[in-house]
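No experiment lies behind these values; they were computed from the predicted model shown. Values below: every heavy atom of this structure, side chains too, minus hydrogens, waters and symmetry copies.
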Amino acid sequence: MATQRLDYPNFNLIRLIAASSVIFSHAFLIANGDENAEPLVKLLGEGNILGIYGVFTFFFISGFLVTLSLLNSPSVLNYFWRRFLRIYPALAVCLAISAFVIGPIFSSKSTVSFFTSSEGIRYFLGNLWWPGKPPGMPSVTLYDEPSGWLGGMINGSLWTIFHELACYVLLGLLGLFGALNAGVLVLICVSMVLISVVGLTPNSATISDFFLVAPAFFAGAAFSALKLQDKDPVFRIASMVAALLTLCVAYRYNAMLQVFPLAGAPVILLIATSQRLNLPTLRQVGDISFGTYLYGWPAEQLMRAGVGPDASWSLIFFGSLSAAYLAGYLSWWAIERPALRYKTAPWKIPPP
């Protein structure tokens with residue numbers, strides 16, 4: 001059933017900040033080989049990089065907006081088509097550049113040998129099917145480093161896209177079977193957080209990663225289904241205070257990484273949907289956050305490869321950030337935005 005969709009201009013800036021936070025955290029990993037010097041890790045402990053909270057923020061917003069998209073779609077099939085258009089055109093171009101431009105430049109093979117082998121196409125098709133796998137190509141190393149894996153990882157940010165796609169599918173199935181309601185969504189996100197907190201996730205890196213980020217998506221979806229953005233100001237403020245108090249308790253017991261995907265949703269989404277807080281809309285720039293996220297890691301890897309082992313985290317971060325913003329801008333205006341013109345009827349060519 002359709003629901004009224006309002007304009008929330010604060011989302012663009014918040015998503016861009018989230019994408020930038022991921023690039024910030026990766027700069028420490030790429031420069032130092034680990035993230036121990038990252039400021040938030042020093043404050044909250046191992047694993048609590050700023051970038052993972054940026055990923056949670058992406059998933060909050062995605063869950064919120066994608067739920068609205070599903071409610072406004074004429075069918076579940078159209079919903080899946082819209083999700084495809086939002087992710088795959090930009091992803092395919094990024095993978096093509098990685099496989100067929102970056103690949104042959106840094107391959108140990110000659111250009112002819114690289115293109116007559118299958119590793120470029122395997123990387124491209126493999127990551128279209130399962131973003132993040134494979135992480136690299138056998139003959140491609142951007143730079144030498146002690147770990148033996150970091151220098152060959154072409155795009156370490158793609159793993160979250162697989163889990164986002166999985167969330168799209170689960171949400172679509174809920175809609176298909178008439179189970180898309182606030183109670184089910186709250187139950188899903190709370191159950192996932194509890195399973196994660198008590199350590200009952202299966203011994204699988206993929207499933208553990210899913211249980212780490214998926215609660216944030218379904219928390220955003222629950223926020224949308226509960227229509228918290230439409231509640232009166234007193235209720236919104238009370239929800240914000242309750243969420244902040246929960247996060248304070250989580251900080252006290254070193255459980256921020258497990259609790260933030262649930263309690264962080266009201267904080268981020270109440271700010272994002274506020275009709276009184278007017279953040280810069282970035283309308284002239286466009287929604288460049290997804291492209292920025294896609295190209296952030298490759299830009300940092302190229303910066304590290306170009307500067308060498310003495311590259312500092314700050315040089316990698318600031319040098320790559322502008323390149324990622326530019327790539328995000330080009331991705332939005334040349335690929336993502338034109339693709340979204342086909343979201344209603346893919347077999348028709350809409351007017352410009």
**Request:** If you link ILVMFWY side chains whenever their heavy atoms are less than 4.5 Å apart, which other residues fall into the same cluster as Trp130? By chain and number, please.
**Result:** Trp129, Phe162
**Message:** Ring-plane angle category for Phe260 and Phe60, please: parallel below 30°, perpendicular beyond 60°, tilted otherwise.
**Reply:** tilted
**Request:** Could you please spell out the steps behind the side-chain hydrogen bond (donor to acceptor under 3.5 Å, both in side chains) verdict for Ser157 and Tyr295?
**Result:** CA-CA 9 Å; Ser157 297; Tyr295 290 96; over 6 Å; no
**Request:** Go through the steps to decide whether Ser314 and Ser312 satisfy the test side-chain hydrogen bond (donor to acceptor under 3.5 Å, both in side chains), and finish with yes or no.
**Result:** CA-CA 5 Å; Ser314 57; Ser312 65; 3.1 Å; yes
**Request:** Quick one: sort the Phe100 and Phe124 rings into parallel, tilted or perpendicular, breaks at 30° and 60°.
**Result:** tilted
**Message:** Quick check on side-chain contact (heavy atoms from CB on, under 4.5 Å): which of Met153, Arg304, Glu35 does Ile30 satisfy it with?
**Reply:** Arg304
**Item:** Sub-4.5 Å side-chain heavy-atom contact between Asp34 and Phe28
**Value:** no
**Asked** Would you call Asp287-Arg86 a salt bridge at under 4.0 Å N-O?
**Response** yes
**Separation between CG of Leu171 and OG1 of Thr67, rounded to the nearest 0.5 Å** = 4.5 Å
**Message:** I'd like to know whether the aromatic ring centres of Phe11 and Phe64 sit less than 6.0 Å apart in this structure.
**Reply:** yes
**Any Thr273 side-chain heavy atom under 4.5 Å of Asn10 side chain** = no
**Phe56 and Tyr53 aromatic centres sub-6.0 Å** = yes
**Request:** Identify the heavy atoms of Ala219 and Cys189 that sit nearest to each other, and give their distance.
**Result:** N-CB, 3.8 Å
**Asked** Tyr293 vs Phe58 aromatic rings, parallel, tilted or perpendicular, using cut-offs 30° and 60°?
**Response** perpendicular
**Message:** Pair Trp313, Phe24 - check ring-ring contact (aromatic ring centres under 6.0 Å, His included), show working.
**Reply:** CA-CA 8 Å; Trp313 74 264; Phe24 174 78; 5.4 Å; yes
**Request:** Measure the acute angle between the ring planes of Tyr88 and Phe84, then classify it against the limits of 30° and 60° as parallel, tilted or perpendicular.
**Result:** parallel
**Request:** Share the residues that join Ile237 in a hydrophobic cluster, the rule being Ile, Leu, Val, Met, Phe, Trp or Tyr side chains under 4.5 Å apart at the heavy-atom level.
**Result:** Val241, Leu245
**Request:** Would you check if Val55 and Leu212 make a side-chain contact, meaning some heavy-atom pair closer than 4.5 Å?
**Result:** no
Taking distance alone, no hydrogens or angles, what donor-acceptor pairs closer than 3.5 Å link side-chain atoms of residues 136-146 to residues at least two apart or in another chain?
{"unit_1": "Ser139", "atom_1": "OG", "unit_2": "Ser107", "atom_2": "OG", "d": "2.6"}
{"unit_1": "Ser139", "atom_1": "OG", "unit_2": "Glu119", "atom_2": "OE1", "d": "3.0"}
{"unit_1": "Ser139", "atom_1": "OG", "unit_2": "Glu119", "atom_2": "OE2", "d": "2.9"}
{"unit_1": "Tyr143", "atom_1": "OH", "unit_2": "Gln301", "atom_2": "OE1", "d": "2.5"}
{"unit_1": "Glu145", "atom_1": "OE1", "unit_2": "Ser147", "atom_2": "N", "d": "2.9"}
{"unit_1": "Glu145", "atom_1": "OE1", "unit_2": "Ser147", "atom_2": "OG", "d": "2.4"}
{"unit_1": "Glu145", "atom_1": "OE2", "unit_2": "Ser147", "atom_2": "OG", "d": "3.1"}
{"unit_1": "Glu145", "atom_1": "OE2", "unit_2": "Gly148", "atom_2": "N", "d": "3.2"}
{"unit_1": "Glu145", "atom_1": "OE2", "unit_2": "Trp149", "atom_2": "N", "d": "3.3"}
{"unit_1": "Glu145", "atom_1": "OE2", "unit_2": "Leu150", "atom_2": "N", "d": "3.1"}
{"unit_1": "Glu145", "atom_1": "OE2", "unit_2": "Gly151", "atom_2": "N", "d": "2.9"}

**Request:** Report yes if the side chains of Phe59 and Pro261 come closer than 4.5 Å at any heavy-atom pair, otherwise no.
**Result:** no
**Request:** Please find out if less than 6.0 Å separates the ring center of Phe290 from that of Trp332.
**Result:** no
